[in-house]
Amino acid sequence: MAHGKTVGRDVMPGPLSIAIIGAGMGGLATAAALRRVGIDVTVYEQATQFARLGAGIQIGCNAMKVLRRLGLEDRLRGGSFYPRSWNNRDWSTGEVKFDMIFGESAEEKFGAPYLLAHRGDLHAALASAVPDECIRLGHRLTGLDQITDGSVRLVFANGATATADAVVAADGVHSVVRDMLFATAPVKFTGRIAYRTTYPATLLGGERIDDCTKWWGEDRHIVIYYVKPDRSELYFVTSQPEPDFRIESWSAKGDVGELRKSFEGFHPQVGQVLAACPDVHKWAIMDRDALPRWAEGNVTLLGDACHPMTPYMAQGAAMAIEDGAVLSRCLDGAERDGVADAFRRFEATRKERTTRVQETSRANTWLRGRTNADWVYGYDAWTVPLAA
Ligand code: FAD
């Protein structure tokens, strides 16, 4: 099918134009990856500005391999913490259950470093890989139509409209595009919540904590790690039962007193971190089943929009970032009438892995005992064979 600008009597096929909905981790990584293969991208984001959310993020070696080729390795190494390991310890005795060694040996084995970052730093790095003129802030998608000529028309809450050859919906766990395309099963509340915060390490009064530790309790856990190379800032995230709180939002606040009470009796290092914590956010942990399909015609979902997961493997953003790399390979050289096939190939290449990570995450046993983590961190989205 010939599309493009008419110049004189000839039709010059312009580059494929793709609208990406959502400038989160997956949307920005995808934009940067698609630009590498000559695709014209515009990213539409509902927020009017990027906020620096108070959270840490583990950047697995598998995600780092993607980020390296997007040109972000030096920046991320320079601004993140390089842990010796992800240690797993008993909540009260401190006994080591399994110490997953990172550092140089893992870097050599898996082909990239394992880094611990401030979420805002990773997001800013990804945003730096996409020119400002490709990002439209303040554009909340409200409608989407696939037109018979193969293009897609978008409608936004601010009254703007746009047309693109195809759409990648990276609009996160509450994806409106997912709900427009498919009748999805209702969200399952796990009955658990996560408290999280970042704060300056000076508040610890000179005490130094372990690089990165998950403290495993009987029905709850807490993960604590540094997010800056000089250990100047730390982060923790918990998981614990709380049947009546159901707000899945990055901005909802929690009560520090209640949090401290719920971790009473934990190892003194946990007590120290919680005693020094000035403020905390609270997030209801939801779970969703894998979707039977990700794409419809020239529209595909990506990242949390199609495979959201519980945070227990610290791999949700990594999966969205890997998606971007694999999608760019599927679309490399595709004609306009080949986009739907490329989207199907993307789904066929990715689904088994993302479903396995979703299911493994749900079990919340990752690294609790001796674990072979090669299948997660050894994956390379740039070289993995694409589905036929
Ligand atoms: P998001 O990053 O959520 O981005 C979606 C974007 O779409 C947002 O910017 C949103 O504003 C925008 N949007 C939504 N609707 C619209 C609309 N209608 N129109 C326009 N824009 C819209 N992952 C890791 O890899 N490592 C970790 O250590 C880790 N820790 C986590 C800890 C917690 C407590 C939680 C909850 C998650 C954690 N994750 C982690 C998972 C990770 O945060 C997500 O998997 C990741 O953010 C998904 O990226 P995404 O681009 O799909 O969605």
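The structure displayed is predicted, hence computed values, not measured ones. All ligand and atom numbering here is 1-based and tracks the order in the structure.
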**OP:** Report yes or no: does a heavy atom of A194 sit under 4.0 Å from some atom of ligand 1?
**Re:**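 The answer is no, since A194 has no heavy atom less than 4.0 Å from ligand 1.
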**OP:** Determine whether any heavy atom of A47 lies closer than 4.0 Å to an atom of ligand 1.
**Re:**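 No, A47 has no heavy atoms under 4.0 Å from ligand 1.
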Original post:
Quick one: does D304 get an N or O within less than 3.5 Å of an N or O on ligand 1?
Top reply: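 Indeed, backbone or side chain, D304 has an N or O that close.
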**OP:** Check whether any N or O atom of I57, backbone or side chain, sits under 3.5 Å from an N or O atom of ligand 1, and answer yes or no.
**Re:**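 By distance alone, the answer is no.
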**OP:** Dump the intermediate steps for side chain to side chain donor-acceptor pair (under 3.5 Å) on D323 and H307, then the final yes or no.
**Re:** CA-CA 11 Å; D323 280 351; H307 47 67; 2.6 Å; yes
If you measure from [atom] to every heavy atom of [options], which option wins on shortest distance?
{"atom": "atom 17 (C) of ligand 1", "options": "L141, L301, L144", "result": "L141"}
{"atom": "atom 20 (C) of ligand 1", "options": "H139, E322, M313", "result": "H139"}
{"atom": "atom 6 (C) of ligand 1", "options": "A317, A170, G27", "result": "A170"}

Original post:
In terms of atom number and element, which parts of ligand 1 are under 4.0 angstrom from non-hydrogen atoms of I21?
Top reply: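 This gives 19 (N), 20 (C) as the contact atoms.
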Subject >> Numbered atoms and elements of ligand 1 in range of W283, under 4.0 angstrom, heavy atoms >> reply: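 So the answer, numbered in order with elements, is 36 (C).
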Subject >> CG on N158 to CZ on R140, rounded to 0.5 Å >> reply: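 The CG atom of N158 is 9.5 Å from CZ of R140, to the nearest 0.5 Å.
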**OP:** Working to the nearest 0.5 Å, report the span between CZ of R119 and CD1 of I59.
**Re:**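 R119 atom CZ to I59 atom CD1 measures 11.0 Å (nearest 0.5 Å).
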Subject >> Test item: side-chain donor near acceptor, D165 and S17, under 3.5 Å >> reply: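 Distance-only check passes for D165 and S17.
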**OP:** Would you check if D304 and S175 make a side-chain contact, meaning some heavy-atom pair closer than 4.5 Å?
**Re:**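 D304 does not reach S175 side chain to side chain.
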**OP:** Tell me which protein heavy atom sits closest to atom 50 (P) of ligand 1, plus the residue, atom name and distance to 0.1 Å.
**Re:**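 For this ligand atom, the closest protein heavy atom is G26 N, 3.9 Å.
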**OP:** Could you check atom 8 (C) of ligand 1 against the protein and tell me its nearest heavy-atom contact, residue, atom and distance included?
**Re:**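 Residue, atom and distance for the closest contact: E45 OE1, 3.5 Å.
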**OP:** Please work out which of the three classes, parallel, tilted or perpendicular, describes the rings of Y312 and H221, given edges at 30° and 60°.
**Re:**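 Geometry flag for Y312 against H221: perpendicular rings.
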**OP:** Classify the ring geometry between H123 and F50 as parallel (under 30°), tilted (30 to 60°) or perpendicular (over 60°).
**Re:**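 Perpendicular.
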Taking non-hydrogen atoms only, is [X] closer than 4.0 angstrom to ligand 1 via side chain, backbone, both or neither?
{"X": "Q315", "result": "backbone"}
{"X": "H174", "result": "neither"}
{"X": "Y44", "result": "backbone"}

**OP:** Would you verify that at least one protein heavy atom lies under 4.0 Å from atom 30 (N) of ligand 1, or report that none does?
**Re:**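 No.
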Subject >> Connected via hydrophobic side-chain network under 4.5 Å: V176 and L291 >> reply: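 Both belong to a single hydrophobic cluster.
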Original post:
Is the distance between the ring centroids of F102 and F110 under 6.0 Å?
Top reply: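 F102 vs F110: aromatic centres not under 6.0 Å.
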